[in-house]
Amino acid sequence: MDASIKHRNHPETFTLVTPPADAPIEVLNEFYWTREPEPHVARRKQILAKYPEVRKLTGYEPKTKWYVIAVVALQCSIAYYLRNTPVLSWKYMLLAYVIGATSNQAIFLAIHELSHNLLFKKPLHNKLFAIFANIPIGIPYSASFQPYHQLHHKFLGDNYLDTDLPTRFEAMFLSSILGKVFFATFQIFFYALRPMFITQIKFTYIHLLNIIWQIIIDFIMVKSFGWKAFGYFIMSSFLAGSLHPCAGHFIAEHYVLNENNAPKYEKIKGTNISKELLPAETYSYYGALNLVTWNVGYHNEHHDFPYIAWTKLPELRKMAAEFYDPLPQVNSWCGVIWWFIFNDVNTLWNRVKREGKEKDGQKIDKLDEN
């Protein structure tokens, strides 16, 4: 099937050609390349034009810090409780999976809220509290997450600046069933290590504080309670980003799955998908697991208004229901992991990408901290 397409930003007409079955693998396996702008800026403007009162929902949520402190205290208490328990015992593994992974996923996503300055009024206070919240993760994470996540919001789908996107190497080698099992099991490592291979950010004193603080805490933990207590932190972090119900949000948020897939064509002039066939690239989930993940499932709402705190996202959706109800939704994070692995149409290629904005060798030295 051939199709003549005119793009809004590139009005010249060009032909998209469906590749034959014996086409090179580079054509058959490809991302959704587009020149269309990401959808969130336009929808934000439309919502604000119709509902200017949405601006009143923006701002930090002061009570969140007390919940975070409680989760950190819970994790430290369980680590102490397990200080003499064999790591491979059923009690250790069960607590690490049920409570530890759920709690550390909540910590990951609390740091996500902090990266948008949604716990305190001053950005510095959010950064410092994120370093405190980092304690149960076991490795320094919070300082690096913020700048990379800001890039994800500002340059959604950018081939170089959005490090949430899988690389071509990952898609080539991990799109089989076994590859997807490996990816879903160890995805926490992909999210932690991928950014440093794609985009460099400036090392700041906040990074240094994060590293020094975490090393001190880990040293005290091992010295006082032993390696098994510290191991609980590490195992909780690993399981939080592995085959765990809450980890389904990593895949659910931006992968184009199941019926949302659209035919891909040979890449011509920087695109292989028409404006009309371009799939949604952000998906929301409104189920019960939002209760332990700071409503991160309200992901279209979050990308539209990243400075609205988690407690106000349901109100945003209710206020602007006609904008959100028609969008594709994810009904189950557990189901997403299953569908992603065992449905052949779901692969790591199923992400919307845009040509990168980064110059060769450019370093990201300054980001908007407000």
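This one's a predicted model, so the numbers in the text were calculated from it and none came from an experiment.
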Dump the intermediate steps for side-chain contact (heavy atoms from CB on, under 4.5 Å) on L277 and Y265, then the final yes or no. CA-CA 11 Å; L277 291 179; Y265 304 95; 3.2 Å; yes
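- For Y80, the OH atom counts as loosely surrounded, since its 6.0 Å shell holds 12 or fewer non-hydrogen atoms of other residues, nucleotides or ligands.
- Salt-bridge annotation for R354 and E36: absent, with no side-chain N of the basic residue lying under 4.0 Å from a carboxylate O of the acidic one.
- Taking the charged nitrogens against the carboxylate oxygens, K121 and E61 have no contact shorter than 4.0 Å, which rules out a salt bridge.
- Between the side chains of N331 and Y286, not a single donor N or O lies within less than 3.5 Å of an accepting N or O.
- When all heavy atoms of H149 and S115 are compared, the pair lying nearest together is CD2-OG, 3.6 Å.
- No salt bridge links D162 with K154; every basic N to acidic carboxylate O contact stays at or beyond 4.0 Å.
- Residues H244 and Y97 bring their aromatic ring centres within 6.0 Å.
- Crowding of Y51 atom OH: a count of heavy atoms from other residues, nucleotides or ligands under 6.0 Å exceeding 12.
- Aromatic ring pairs are classed by plane angle as parallel below 30°, tilted from 30° to 60° and perpendicular above 60°; the pair Y255 and F340 is perpendicular.
- With 3.5 Å as the limit, one finds no donor-acceptor pair spanning the side chains of H302 and H40.
- P39 and E281 make their closest contact through CD-OE2, 3.5 Å (heavy atoms, listed as atom of the first residue, atom of the second, distance).
- Atom OH of Y81 is surrounded by 12 or fewer heavy atoms from other residues, nucleotides or ligands within 6.0 Å.
- Under a hydrophobic-cluster definition in which Ile, Leu, Val, Met, Phe, Trp and Tyr are linked whenever side-chain heavy atoms come within less than 4.5 Å, directly or via other members, V345 and M172 are assigned to different clusters.
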Trace of the side-chain contact (heavy atoms from CB on, under 4.5 Å) decision for M319 with L57: CA-CA 11 Å; M319 187 180 298; L57 299 179; 4.1 Å; yes
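- Residue L88 places its CG atom among 12 or fewer non-hydrogen atoms of other residues, nucleotides or ligands, all under 6.0 Å distant.
- Geometrically, R351 does not engage Y32 in a cation-pi contact, judged by NZ or CZ lying under 6.0 Å from the ring centre and within 45° of the ring axis.
- Of the possible polar contacts, none joining the W333 side chain to the A247 backbone as a donor-acceptor pair under 3.5 Å is found.
- Using a 4.5 Å cut-off between side-chain heavy atoms of Ile, Leu, Val, Met, Phe, Trp and Tyr, with links allowed through other members, F203 and I215 fall into the same hydrophobic cluster.
- Side-chain atoms of R43 and N300 include a donor-acceptor pair closer than 3.5 Å.
- K353 forms a cation-pi arrangement with F31, by the criterion of a distance under 6.0 Å to the ring centre and an angle within 45° of the ring axis.
- The distance from the CZ atom of R317 to the CG atom of D304 is 13.0 Å, given to the nearest 0.5 Å.
- Panel note: side chain N134, backbone I139; a donor-acceptor pair is recorded below 3.5 Å.
- Ring geometry for F129 versus F132: interplanar angle of 30 to 60°, hence tilted.
- Cluster annotation: V296 is connected to L119 through the hydrophobic network of ILVMFWY side chains, with a link wherever side-chain heavy atoms come within less than 4.5 Å.
- Side-chain rings of H112 and H152 stay apart, their centers remaining 6.0 Å or farther from each other.
- For the pair R55 and T58, the tightest heavy-atom approach, listed with the atom from each and the gap, is O-OG1, 2.7 Å.
- If you check the side chains of E301 and S284, you find a donor sitting under 3.5 Å from an acceptor.
- Of the possible polar contacts, none joining the N117 side chain to the N126 backbone as a donor-acceptor pair under 3.5 Å is found.
- Scanning both residues, P52 and A49, for their nearest heavy atoms gives CD-O, 4.2 Å.
- I273 CD1 to K264 NZ: the interatomic distance, rounded to the nearest 0.5 Å, is 8.5 Å.
- The backbone N or O of T85 lies less than 3.5 Å from no partner atom in the side chain of S89, so there is not a single donor-acceptor pair.
- In this structure, OG on S236 lies 4.5 Å from CD on Q75, to the nearest 0.5 angstrom.
- Using a 3.5 Å distance cut-off with no hydrogens or angles, the side chains of Q214 and Y141 do not pair a donor with an acceptor.
- Between the S175 side chain and the T347 main chain, no donor and acceptor come within less than 3.5 Å of each other.
- Taking all atoms of both residues into account, the shortest heavy-atom contact from L156 to H303 is CD1-CE1, 4.1 Å.
- When only modelled atom types and interatomic distance are considered, T102 and Q105 share no side-chain donor-acceptor pair under 3.5 Å.
- A side-chain donor-acceptor contact under 3.5 Å links H207 to the backbone of T204.
- Ring orientation note: the planes of F186 and F182 are tilted relative to one another, at an angle of 30° to 60°.
- At most 12 heavy atoms of other shown residues, nucleotides or ligands fall within 6.0 angstrom of atom CG in L178.
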Give the intermediate values and the outcome of side-chain contact (heavy atoms from CB on, under 4.5 Å) for residues W310 and T64. CA-CA 9 Å; W310 65 280; T64 308; 2.9 Å; yes
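- If you take CG on L243 and CH2 on W338, they are separated by 11.5 Å, rounding to the nearest 0.5 Å.
- To the nearest 0.5 Å, atoms CZ (R168) and CG (L348) are separated by 12.5 Å.
- Under a hydrophobic-cluster definition in which Ile, Leu, Val, Met, Phe, Trp and Tyr are linked whenever side-chain heavy atoms come within less than 4.5 Å, directly or via other members, F108 and W294 are assigned to the same cluster.
- In terms of heavy atoms, L124 sits closest to I206 at CD1-CD1, 4.1 Å.
- Here the straight-line distance linking atom CD1 of I212 with atom CG of N210 works out to 10.0 Å at 0.5 Å rounding.
- If you check the side chains of E355 and N159, you find no donor sitting under 3.5 Å from an acceptor.
- Side-chain contact annotation: H249 with H299, donor-acceptor N/O pair under 3.5 Å absent.
- Both I308 and Y298 are members of a single hydrophobic cluster when ILVMFWY side chains are connected at heavy-atom separations under 4.5 Å.
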Evaluate side-chain contact (heavy atoms from CB on, under 4.5 Å) for E30 paired with E266, printing each intermediate quantity in order. CA-CA 9 Å; E30 190 54 272; E266 184 177 359; over 6 Å; no
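- Geometrically, R194 engages Y191 in a cation-pi contact, judged by NZ or CZ lying under 6.0 Å from the ring centre and within 45° of the ring axis.
- Aromatic pair F230/F225: centroids not less than 6.0 angstrom apart.
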